[in-house]
Amino acid sequence: MSTLIDPHGGAIRELFAGSERTEILKSESVNFPSITLTARQLCDLELLLCGGFSPLKGFLNQRDYNGVLEHMRLSCGTLWPMPITLDISEADMQRIDGHDHIALRDLTGVLLAILHVGDLWKPDQEEEAEKVFGTTSTEHPAVAYLMDRAGAYYLGGDLEGIRMPPHYDFLDLRHTPRQLREKFQSQGCSRVVAFQTRNPLHRAHKELTDRAAREVNAHLLIHPAVGMTKPGDIDHYTRVRSYKRLLEYYPKGQASLSLLPLAMRMGGPREALWHAIIRKNYGCTHLIVGRDHAGPGTMKDGTPFYGPYAAQELLRAHTKELEMEVVPFRWVVYVPASDAYKPIDEVAADEEVLNISGTRLRSMLSAGEEIPGWFSYPGVIEELQKTYPPRGQQGFAVFLTGLSGSGKSTIANALQARLLELLSCPVSLLDGDVVRTYLSKGLGFSKSDRSTNVQRIGYVASEIVKHRGVVICAPIAPYAEDRAVNRRRIEREGGYIEVFVDAPLEVCERRDVKGLYAKARAGMIKGFTGIDDPYEIPEIPEVVCRTDRETVEESAELVIRKLRASKFLI
Ligand code: PPS
């Protein structure tokens with residue numbers, strides 16, 4: 001374990017074992033029980049090992065944990081607002097009970113650190129949620145994590161690091177606190193203002209960070225969290241590519257970019273304080289803190305989780321102790337009359353201001369609308385457009401569902417031919433029989449087998465759509481829940497058009513192409529859809545085809561029309 005003192009940022013503690021000790025630990029580790037870390041624990045471990053979470057020496061023991069919950073302080077009195085805990089399941093708890101050392105590994109089994117076992121206890125996670133996040137509502141992402149995903153036991157103890165969790169992306173932009181401090185020192189930057197972000201940055205952000213840096217006469221560090229952010233956020237690969245482009249618009253040498261492998265908790269005021277401590281460890285002297293800093297937004301009923309300026313207030317109350325300055329984030333807006341950006345408090349009441357929200361931007365990109373130059377920079381928009389192409393360039397799935405004999409396969413074949421005629425790309429067809437031969441061989445028609453079959457189809461379709469491909473699926477898919485799971489999964493990647501192939505049971509039975517209805521009626525086949533197994537009618541399908549009244553051409557054309565109306569087909 002090594003401690004580094006730096007003239008600018010105070011002490012930071014790196015938790016790596018020396019090379020000799022590492023070799024000893026590696027050979028001893030074969031006798032230690034292992035714990036495979038989750039994605040969030042890996043982020044925490046990385047920041048513990050590299051000193052980003054200095055002065056912590058490992059995952060919190062119970063006294064420190066209690067102190068953090070009650071007073072935002074470790075038992076020694078040091079300010080630390082966020083519980084950094086190693087949560088484990090009951091099964092893991094029993095497996096490791098009685099051992100002094102635990103090997104911490106990643107998913108692939110790589111040995112990352114040895115934990116010297118301290119306390120093992122069962123926390124009151126509801127109390128933790130209330131004390132740390134001010135709510136027990138699972139609408140708060142960190143509370144949802146605590147209640148629904150975290151293990152019920154906490155394991156505390158000091159760490160001896162073997163190696164950092166591996167990364168393979170943006171290696172030139174990943175720095176440890178020591179590396180970043182050295183970089184600032186070599187560039188002669190004694191004052192550094194950090195800007196925390198989990199979103200793409202546009203002109204307003206550029207203007208406000210520019211102003212903030214000039215106001216406090218400091219170098220600007222764009223320091224995005226790339227560990228875990230709020231569910232639904234834009235992926236970090238896209239964000240980082242866009243930050244790199246944004247950097248081109250700052251005067252040379254004024255700003256730099258470094259990635260922070262932080263798993264955010266969206267904990268508002270406490271999180272802001274935590275962010276300041278982390279940034280100090282990375283050699284920064286100032287932190288830009290805005291309205292609702294690191295807040296998760298509002299609850300479904302519109303109530304905010306935190307007051308808009310609670311984070312700024314809490315931070316200000318601790319700046320002296322932290323030796324970090326808060327730079328209040330003054331939101332700047334575009335004023336078209338003067339074609340300039342101004343802080344909102346300098347805009348006259350009758351002056352028109354313009355802004356585009358993140359949601360609106362996503363829908364503009366999806367519709368292929370031009371993004372105005374006053375809002376963002378061409379390079380930044382270009383990067384976002386690559387990830388969010390207009391609908392005509394996105395993939396889509398047409399999901400036909402209906403009784404056996406309703407006409408799904410016939411429509412699917414006609415639709416495939418029409419799409420191949422119209423599009424210059426392949427069109428995959430995941431028809432019931434094909435799927436049951438290649439993807440779901442061995443599965444039967446029990447409720448659980450059908451669910452597995454239908455969700456497998458949804459998974460494969462979502463992969464095709466993710467790669468901007470086109471796929472037609474045609475299983476019976478009798479249960480609403482499976483269709484809903486598929487819809488959610490596919491809509492994340494592109495288009496999902498559900499087609500209810502609606503033919504009355506009598507009609508399907510009369511057609512009885514395969515003679516299966518007759519067998520089902522005779523009791524020779526059990527659990528036949530529509531006879532003695534339910535078909536749950538889709539509530540909001542995008543298209544309904546009445547195959548007892550329409551020709552197959554007409555049904556296929558209804559789907560084509562819907563695809564055109566929703567702009568997936570141009
Ligand atoms: S499901 O429910 O979505 O998993 O069904 P799917 O994979 O589409 O398979 C439906 C075809 O299997 C034949 N078959 C049955 N259908 C319904 N219920 C039972 N018990 C059953 N046993 C066999 C039937 O021929 C279905 O084909 P289609 O093309 O739909 O007529």
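Remember, it's a predicted structure, so these values are computed and weren't measured experimentally. Read the numbers this way: they start at 1 and go in the same order the structure lists the ligands and their atoms.
- Counting the atoms of ligand 1 from 1 in the order shown, those under 4.0 Å from a heavy atom of Pro478 are 2 (O), 3 (O).
- For the 3.5 Å distance criterion, the side chains of Asp533 and Tyr479 qualify, holding a donor opposite an acceptor.
- Given atom 2 (O) of ligand 1, the protein heavy atom at minimum distance is Arg450 NH1, 2.8 Å.
- Annotation: Phe445 places no N or O atom under 3.5 Å from an N or O atom of ligand 1; distance criterion only.
- Atom NE2 in His101 sits 12.5 Å away from atom CD1 in Ile96 (nearest 0.5 Å).
- In this structure, atom 16 (N) of ligand 1 lies nearest to the protein heavy atom Ile476 CD1, 3.6 Å.
- Interface atoms of ligand 1 facing Thr529, defined by a heavy-atom separation under 4.0 Å, are 17 (C), 18 (N).
- Residue Asp482 is tested with Arg450, Gln455, Arg487 for a side chain to side chain donor-acceptor pair (under 3.5 Å); the sole match is Gln455.
- In the model, Asp87 has no side-chain atom that pairs as donor or acceptor with a side-chain atom of Gln125 under 3.5 Å.
- Counting atoms of ligand 1 from 1 in the listed order, those under 4.0 Å from a heavy atom of Lys408 are 30 (O).
- Proximity to Gly405 (heavy-atom distance under 4.0 Å) selects the following atoms of ligand 1: 31 (O).
- Listed by atom number, the atoms of ligand 1 under 4.0 Å from Lys526 heavy atoms are 20 (N).
- Here's the thing with Asp433: none of its N/O atoms is less than 3.5 angstrom from an N/O atom of ligand 1.
- Under the 6.0 Å cut-off for aromatic ring centres, His275 and His223 do not qualify, their centroids lying 6.0 Å or more apart.
- Among all non-hydrogen protein atoms, the one lying nearest atom 7 (O) of ligand 1 is Arg436 NE, 2.6 Å.
- For atom 19 (C) of ligand 1, the closest heavy atom belonging to the protein is Phe528 CD1, 3.4 Å.
- The protein non-hydrogen atom at the shortest distance from atom 27 (O) of ligand 1 is Lys514 NZ, 3.0 Å.
- Taking a cutoff of 4.0 Å between a charged side-chain nitrogen and a carboxylate oxygen, Asp433 and Arg436 do not qualify as a salt bridge.
- Aromatic ring orientation, Phe53 versus Trp274: tilted (interplanar angle from 30° to 60°).
- Each of the atoms 3 (O) of ligand 1 lies under 4.0 Å from some heavy atom of Ala477.
- Note: Leu146 CG to Arg265 CZ = 9.0 Å, rounded to the nearest 0.5 Å.
- Counting non-hydrogen atoms of neighbouring residues, nucleotides and ligands closer than 6.0 angstrom, the CG atom of Leu171 exceeds 12 such neighbours.
- Salt bridge absent: Glu539 and Arg483 never bring a charged side-chain N and a carboxylate O closer than 4.0 Å.
- With respect to Arg245 and Glu383, a salt bridge is recorded, a charged nitrogen being found less than 4.0 Å from a carboxylate O.
- Nearest protein heavy-atom neighbour of atom 31 (O) of ligand 1: Ser404 OG, 2.5 Å.
- Ligand 1 places these atoms under 4.0 Å from at least one heavy atom of Val454: 3 (O).
- When hydrogens are left out, the protein atom nearest atom 24 (C) of ligand 1 is Leu516 CD1, 3.5 Å; that is the closest non-hydrogen contact.
- The protein atom (non-hydrogen) at minimum distance from atom 20 (N) of ligand 1 is Gly527 O, 2.9 Å.
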